[in-house]
2 protein chains.
Amino acid sequence: MVVATQSLEELCINSIRFLAIDAVEKAKSGHPGLPMGAAPMAFTLWDKFLKFNPKNPSWVNRDRFVLSAGHGSMLQYALLHLFGYDSVSIEDIKQFRQWGSKTPGHPENFETAGIEVTTGPLGQGICNGVGLAMAEAHLAATYNKPDCTLIDHYTYVILGDGCNMEGVSGEACSLAGHLGLGKLIALYDDNHISIDGDTSVSFTEDVGKRFEAYGWQVLVVPDGDTNLDAIAKAIEEAKACTDKPTMIKVRTTIGFGSPNKANTAGVHGAALGGDEVKLTRENLGWNYDPFVVPEDARAHFNKSIERGAAAEAEWQKVWESYKSSYPEEAAQFDRQINYRLPDGWEKCLPTYTPEDKPLATRQTSEKTLNAIANAVPELIGGSADLTHSNLTQLKGFADFQKGSYHGRNLRFGVREHGMAAICNGIYLHKTGLIPYGATFLVFVDYMRGAVRLSALAETQVIYVLTHDSIALGEDGPTHQPVETLASLRAIPNLLTFRPADGNETSGAYKVAVERRTTSSVMAMSRQALPQLAGSSIEGVARGGYILSDSGDLPDIILIATGSEVSLCVEAANKLRGEGHKVRVISMPCVDLFEEQDAAYRNAILPKETKKRLVVEAASSFGWHKYAGDEGDIISIDRFGVSAPGGIAMEKFGFTVDNVYNRAKALLA
Amino acid sequence: MVVATQSLEELCINSIRFLAIDAVEKAKSGHPGLPMGAAPMAFTLWDKFLKFNPKNPSWVNRDRFVLSAGHGSMLQYALLHLFGYDSVSIEDIKQFRQWGSKTPGHPENFETAGIEVTTGPLGQGICNGVGLAMAEAHLAATYNKPDCTLIDHYTYVILGDGCNMEGVSGEACSLAGHLGLGKLIALYDDNHISIDGDTSVSFTEDVGKRFEAYGWQVLVVPDGDTNLDAIAKAIEEAKACTDKPTMIKVRTTIGFGSPNKANTAGVHGAALGGDEVKLTRENLGWNYDPFVVPEDARAHFNKSIERGAAAEAEWQKVWESYKSSYPEEAAQFDRQINYRLPDGWEKCLPTYTPEDKPLATRQTSEKTLNAIANAVPELIGGSADLTHSNLTQLKGFADFQKGSYHGRNLRFGVREHGMAAICNGIYLHKTGLIPYGATFLVFVDYMRGAVRLSALAETQVIYVLTHDSIALGEDGPTHQPVETLASLRAIPNLLTFRPADGNETSGAYKVAVERRTTSSVMAMSRQALPQLAGSSIEGVARGGYILSDSGDLPDIILIATGSEVSLCVEAANKLRGEGHKVRVISMPCVDLFEEQDAAYRNAILPKETKKRLVVEAASSFGWHKYAGDEGDIISIDRFGVSAPGGIAMEKFGFTVDNVYNRAKALLA
């Protein structure tokens, strides 16, 4: 037994450790190593620095805490429980990793109050942290007044070796350094162990030097297992540095306290086992039963409740003063953070008639984005270095840069994955901001790890993804999406839009702005498309709708999206001229169409009409559901080719004649 | 006019520049800026250092050259043309970016001899370069003898700001530094311009310092537009450093020579325009018509032909000597680099009977991988820090580390995207190596940018992706693939396998090893699965096959993959007991089934049988093609949940009873 008596701090830290040990042991599943090693830094941070009100987890000016090393979820659940959050009871901790519990295997913001972001996939949390810090900086620059500081909080992130090996963290941290986000503080749980063993097998770079190269302040705590003062001092130093983010390298021991498993990969992701738990209890002098928190520790942790209430009460005074001094800004702030859109905002959406000139949907997207930017001040975003190809510049608004955080044009650089993860973070600040990020559609592959989390974590990010088919032309197959639309439609809780014209573009953005817990993809054409008769904002809201019809039950139904809709319209006219009853369905969002009730879906796509032709310049994968057993699909089930876009489209069969011919073959 | 007379070097460099300028101008599409700025470093490299034989682009001991900034493809086409490759004629250059040309928008290894890797998606090329250098190191360590150096070449990469902003390059370069790949030399075209303008808007980190942190040697050429000696000196210094990769930061001017567009984003990705082309000709003193190469330059470039032939002849002598001194190794080397597998290698594949104990397919994968490793020495790979979860260790073989490059166990660290791009590079060394990379199935999202290039560039990478469904359990929805299988099946030229047991695992690996220009995904279970009666290696080769049948035309067909096949087998037995004629189809690879002829497909899945039930613990997306209009699908069209795997499967309906009930409902 190493310790006979424990200081109050030790008692508290060991309370965290043993909740993690015991919960993992009971579940026979989980990751005890990180909570055991990171408990001292986490306790110091939460006890001495973190500003939060456990009884109001959504207090707007709270510090944000992110556990980027999400596998250590029991650390976060133990903190939430001990520091007074009602969302995690001791019963919840006993239910760790069980069906229906509030304590899932990795932290999920949509399950557990007090969890800011969903982590587990490594590297995402630190990027979310960059987004949270950007949101804070933006709101502070937008709303704070010389006499009234409404928003002023830190974002703290605990991350591990895994997070630092992932490229996505490098992307976001490079940008954070560029932006000089002084209120972002990352604690690096530097324990030299990853799942495969000692990090020396694959990770021997100088992480601190790399972060210095990014423009961060880097501090080191060499004895993070025991030296709470050094941890506190480093955090103070980090807070004092206002023009750079700070990384604190805290040298720790994974599984601290376990006599046989500390400092080994064995303690990373598996329960200690009964014998080792017993030995760890002895080693740390812990004479308490599983899930028991000593009275003294409880009493100390509980002080956070009063402290938190006082902090929020203090802020409420500021808010009252702000409301009386700046009623207009206050009203906007209140509206925004409560997720109410400006009344009548949707009137800003452009509409078009067939007489209007053809435009690429990336152009109608540009008009729509700019219209929304003026009507909805919470819209903020930018491109991964393709601003003038994606057409995502908000005209008349500043760049978001160091010294101009009020700007709403974000400059992500060529960092798609970081961009998406940052957008998730901006949204998850939960102050009403609607972030958008842009690149070419095909490069959504680079950021799919974060896009999946947009969907899972129920964020509202608008992905503006232009150059949506082989029609982009000469850049060739590396740049031409083929399977991309299918791969996005397969993701739950993500809306993939492919508008056919200007009205459908407005319709897509209307849904994207109004759905506050769903992210959207805007697949936009590079090439000009005609403004169609019958297209509508309302139609888009149903996902698929009748664009033109012969009346009665159609002989054949043509189903298309985006740039192929106009081909179907023309082919339909030709077919009608020959006496066929033809319906054209525009299907800008399959996901929304799936959400409609059966009556609507059947009215649009009557079961009786078996002759159906789907036309999309992309993979057929997923379309047989609508084409049906007797239908046909004009698609591209191979990679594209470098050639002028018009020629590529023609060679792959995306012409009015081919649509007409394939329809005739079905009708024969 | 700046220059009246030009040195021979200037003449050569301007020949490169104007081929690029004129080709882009003719195509009215492309990226002239990079070739104009990087021509001096590229010329110096190719003229003074690069070891190649233009008349035999596949000479095994050639230096590898990668244009990671693939948008500057005209630089590479100009180099290939001028330095004597037959694959790019002046006519081909005039056909730049046209349908069917050998000069597509971005370099494609499968289109143009002399192009080593497909680039365009930024950051991939430098990672491929790391893989090429690893392949070289591995072959050298495996085959070279003290008196006979068979493999000894450099890998050179030109990369730009975009490549350096992408996280994937950071992942691979960190690993390259760890591995001390001294024969990897990267020339960083440091022109301070990206598409959005000056890099100061988003990219102000100290790139050199970052690479030093990775363990690279970093050299600087401050005047790379003009100082050819400094470029040459730096390359010499890079070659002299044998224990570290080198990055040479070459400060250049994008669009060098264009009076009005040099050093602007305007010259990055658009033709100069007729007027500016004229002014650039004047400015650089270029009095030649479009596509004309001056005689003196031609004569100089042509020396590369003789030089290359001599270099290869020299190597042939070494090879002859090697063959006589080391006939066994020579035979293996010859077999391997000519893509002949060892005779009878497939006899190593494990087979199973229903009496054998249940095993997770990640376990049968481990047995199979290890069996193949012993029979097929060209198998090399590893995991992104999940070795003991993915079960991908090759037992009895060393780690590939600095000082032990003969090792075949790669340690990628938590760098999925880098891993996949490196595997592409190892394959594209085109010396017969079969690389594999492993992680959890869901994290294929992190590396999808590179997996797409595996498919497009026709590489042979085996992706071992375990924990293939919600049955992985407690780790929860961040770790549970749902849409992932669909998203992979949608990719052309990629085989996605989900074996049901040990025999199917062997069958999947058999195809994966024998298909030398197709990459494969192995989706493997975490949980144990029974060894099925009727499963076979041969069946897998057809993609889908009859596992059990009642004979004649079935009343109902049950279609399943992986862990759900055994549920269907049991449900089928129950249904047969009630007199129904039931067929069970195991469909371990939908892509291969699609490749079969119509007769086979119809024999397996007769049109007459409309009652079909598909069972897969994943998204239904894509399955309606096989379920048909009257079929049903047991699937998961939402995200998963954290709970023990067995409970999750039961709650989501993956039980024999539910399969039976849903089948009965179809039969009613």
Side-chain angles (χ1 to χ4, degrees), chain A residues 29 97-99 104-106 120-122 162 165-168 170-171 174 177-178 194-196 201-206 209-210 213-214 385-387 411 413-415 417 445-446 448-449 452 456 474-478 483 486-487 490-492 619 621-622 624-625 628-629 638-639 642-643 647, chain B residues 29 97-99 104-106 120-122 162 165-168 170-171 174 177-178 194-196 201-206 209-210 213-214 385-387 411 413-415 417 445-446 448-449 452 456 474-478 483 486-487 490-492 619 621-622 624-625 628-629 638-639 642-643 647:
Chain A
S29 171
R97 296 189 149 219
Q98 303 309 303
W99 180 270
H106 292 82
L122 292 170
M165 284 191 251
E166 292 285 6
V168 64
E171 294 181 10
S174 172
H178 168 78
S194 68
I195 294 179
D196 273 9
V201 302
S202 62
F203 188 54
T204 50
E205 63 167 65
D206 183 340
K209 184 170 177 176
R210 170 155 65 91
Y214 291 149
D385 197 50
L386 289 169
T387 303
R411 300 287 201 164
V414 191
R415 304 180 179 104
H417 200 178
D445 281 357
Y446 269 55
R448 194 171 163 96
R452 185 180 208 258
L456 175 61
E474 292 91 343
D475 274 344
T478 53
E483 76 290 7
S487 79
I491 299 178
S619 167
F621 197 86
H624 294 83
K625 183 171 186 178
D629 290 353
R638 48 157 288 185
F639 288 111
S642 173
I647 289 173
Chain B
S29 172
R97 297 189 150 222
Q98 303 309 303
W99 180 270
H106 293 81
L122 292 171
M165 283 190 253
E166 292 286 5
V168 65
E171 293 181 10
S174 172
H178 167 77
S194 67
I195 296 180
D196 273 10
V201 302
S202 62
F203 188 54
T204 50
E205 63 166 65
D206 183 340
K209 183 170 176 175
R210 170 156 65 92
Y214 291 149
D385 197 49
L386 289 169
T387 303
R411 300 287 201 163
V414 192
R415 303 180 180 105
H417 200 177
D445 281 358
Y446 269 55
R448 195 173 162 94
R452 186 179 207 261
L456 175 61
E474 291 90 343
D475 274 344
T478 53
E483 75 290 7
S487 79
I491 300 178
S619 167
F621 197 86
H624 294 83
K625 183 172 186 178
D629 290 354
R638 49 158 286 186
F639 288 111
S642 174
I647 290 172

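What you see below is based on every heavy atom in this structure, not just the backbone, and it leaves out hydrogens, waters and symmetry mates. All chains are named by letter (A, B, ...) in the order of the sequence lines, taking the proteins before the strands, and each is independently numbered beginning at 1.
Looking at His624(B) and Asp629(A), their side chains never come closer than 4.5 Å, going by heavy atoms from C-beta outward. The side-chain heavy atoms of Tyr446(A) and Glu166(B), taken from C-beta on, include a pair separated by under 4.5 Å.
Of the residues considered (Glu474(B), Arg638(B), Glu171(B)), Glu474(B) shows the highest number of contacts with chain A, using heavy-atom pairs under 4.5 Å. Of the listed residues (Ser202(A), Gly413(A), Gly167(A)), the one with the most heavy-atom contacts under 4.5 Å to chain B is Ser202(A). Contact count versus chain A (heavy atoms, under 4.5 Å) is highest, among Gly628(B), Gly162(B), Pro477(B), for Pro477(B). Contact tally against chain A (heavy-atom pairs below 4.5 Å) for Gly476(B), Gly170(B), Gly622(B), Ser619(B): the top residue is Gly622(B). With respect to chain A, the highest number of heavy-atom pairs below 4.5 Å among Asp196(B), Ile491(B), Val168(B), Leu122(B) belongs to Asp196(B). Each of Gly105(A), Gly449(A), Ser29(A), Pro121(A) has some count of heavy-atom pairs under 4.5 Å with chain B, and the biggest count is that of Pro121(A).
For Ser174(A) and Glu205(B), the side-chain atoms include at least one donor-acceptor pair closer than 3.5 Å. No side-chain donor-acceptor contact under 3.5 Å links Ser642(B) and Arg97(A). When only modelled atom types and interatomic distance are considered, Thr478(A) and Arg452(B) share no side-chain donor-acceptor pair under 3.5 Å.
Residue Arg210(A) touches chain B through both its backbone and its side chain, counting heavy-atom pairs closer than 4.5 Å. Both the backbone and the side chain of His178(A) come within less than 4.5 Å of a heavy atom of chain B.
Between Asp385(B) and Arg411(B) there is no salt bridge, since no side-chain nitrogen of the basic residue lies less than 4.0 Å from a carboxylate oxygen of the acidic one.
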